[in-house]
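Position 1 is the first residue of the sequence; numbering continues from there. Small disclaimer: the values here were computed from a predicted structure and weren't measured. Every heavy atom of this structure was used, including side-chain atoms; hydrogens, water molecules and symmetry mates were not.
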Amino acid sequence: MHIIIQDHGDRCAIVATSVSSNTLFPLTITAAALRDGLRAILASPATKELACGPASLVRTAEGIDVTTSAGRFVIPYPHAFPLVLA
């Protein structure tokens, strides 16, 4: 699986691509705000939840859950670190 953040100006989308499928999870925050939120939650092990505009980031055992009113997208830890370095 390959996960990227697509920048669409004042919005962004998380895109997961595998051999058999593509998943697009649109967000109403900027790509920079999402990356900043991911950096903040990953940098502070004590932080379990972080509000990131209309989305919230929740630390779980498997990774970071990006949660909005429309649903939830799980970013596994091995994929989260490359996203914040991009």
Side-chain angles (χ1 to χ4, degrees):
M1 180 185 305
H2 182 67
I3 298 176
I4 62 168
I5 298 172
Q6 284 185 342
D7 189 358
H8 299 284
D10 62 344
R11 297 174 180 265
C12 70
I14 302 172
V15 180
T17 306
S18 70
V19 173
S20 61
S21 68
N22 290 329
T23 303
L24 180 98
F25 188 73
L27 297 165
T28 57
I29 60 173
T30 65
L34 178 58
R35 283 192 181 92
D36 289 345
L38 288 170
R39 281 186 196 102
I41 199 165
L42 290 170
S44 175
T47 304
K48 302 297 181 200
E49 187 170 343
L50 180 71
C52 193
S56 66
L57 305 177
V58 180
R59 178 189 302 275
T60 66
E62 295 81 30
I64 305 296
D65 289 359
V66 181
T67 306
T68 68
S69 60
R72 178 177 67 112
F73 188 95
V74 178
I75 301 174
Y77 286 116
H79 296 281
F81 294 104
L83 290 177
V84 300
L85 296 174

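- Residues Ile64 and Leu24 do not share a hydrophobic cluster, clusters being chains of Ile/Leu/Val/Met/Phe/Trp/Tyr side chains in contact below 4.5 Å.
- Distance check: Lys48 NZ to Thr60 OG1 gives 10.0 Å after rounding to the nearest 0.5 Å.
- By the side-chain hydrogen bond (donor to acceptor under 3.5 Å, both in side chains) test, Ser56 is found to be paired with no residue, residues two or more places apart in sequence or in another chain being considered.
- A 4.5 Å side-chain heavy-atom check between Leu34 and Leu57 finds at least one atom pair inside the cut-off.
- With rounding to the nearest 0.5 Å, the separation of CZ in Arg11 from CG in Leu27 is 10.0 Å.
- Cys52 and Gly37 get closest at one heavy-atom pair: SG-CA, 4.3 Å.
- The closest side-chain heavy-atom distance from Phe25 to Val15 is not below 4.5 Å.
- Taking CD1 of Ile41 as the start and CG of Asp36 as the end, the distance is 13.5 Å to the nearest 0.5 Å.
- Clustering ILVMFWY residues whenever any of their side-chain heavy atoms sit less than 4.5 angstrom apart, transitively, puts Leu83 in the very cluster that holds Leu42.
- Paired with Phe73 under the rule side-chain contact (heavy atoms from CB on, under 4.5 Å), one option of Ile3, Thr68, Asp65 passes, and it is Ile3.
- For Ala16 against Met1, the heavy-atom pair with the smallest separation is CB-SD, 4.2 Å.
- A single hydrophobic cluster is not seen to contain both Val74 and Tyr77; linkage of ILVMFWY side chains at heavy-atom distances under 4.5 Å, directly or through other members, places them apart.
- Scanning all heavy atoms of the two residues, the minimum distance from Cys12 to Ala31 falls at CB-N, 3.7 Å.
- Taking each heavy atom of Thr30 and Gly9 in turn, the nearest pair found is CG2-O, 3.7 Å.
- In this structure, CG in Leu38 is found 7.0 Å from CD1 in Ile14, a value given to the nearest 0.5 Å.
- Atom CZ of Arg39 is separated from atom CG of Leu50 by 13.0 Å, given to the nearest 0.5 angstrom.
- Expressed to the nearest 0.5 Å, how far CD1 of Ile29 lies from CZ of Arg35 amounts to 10.5 Å.
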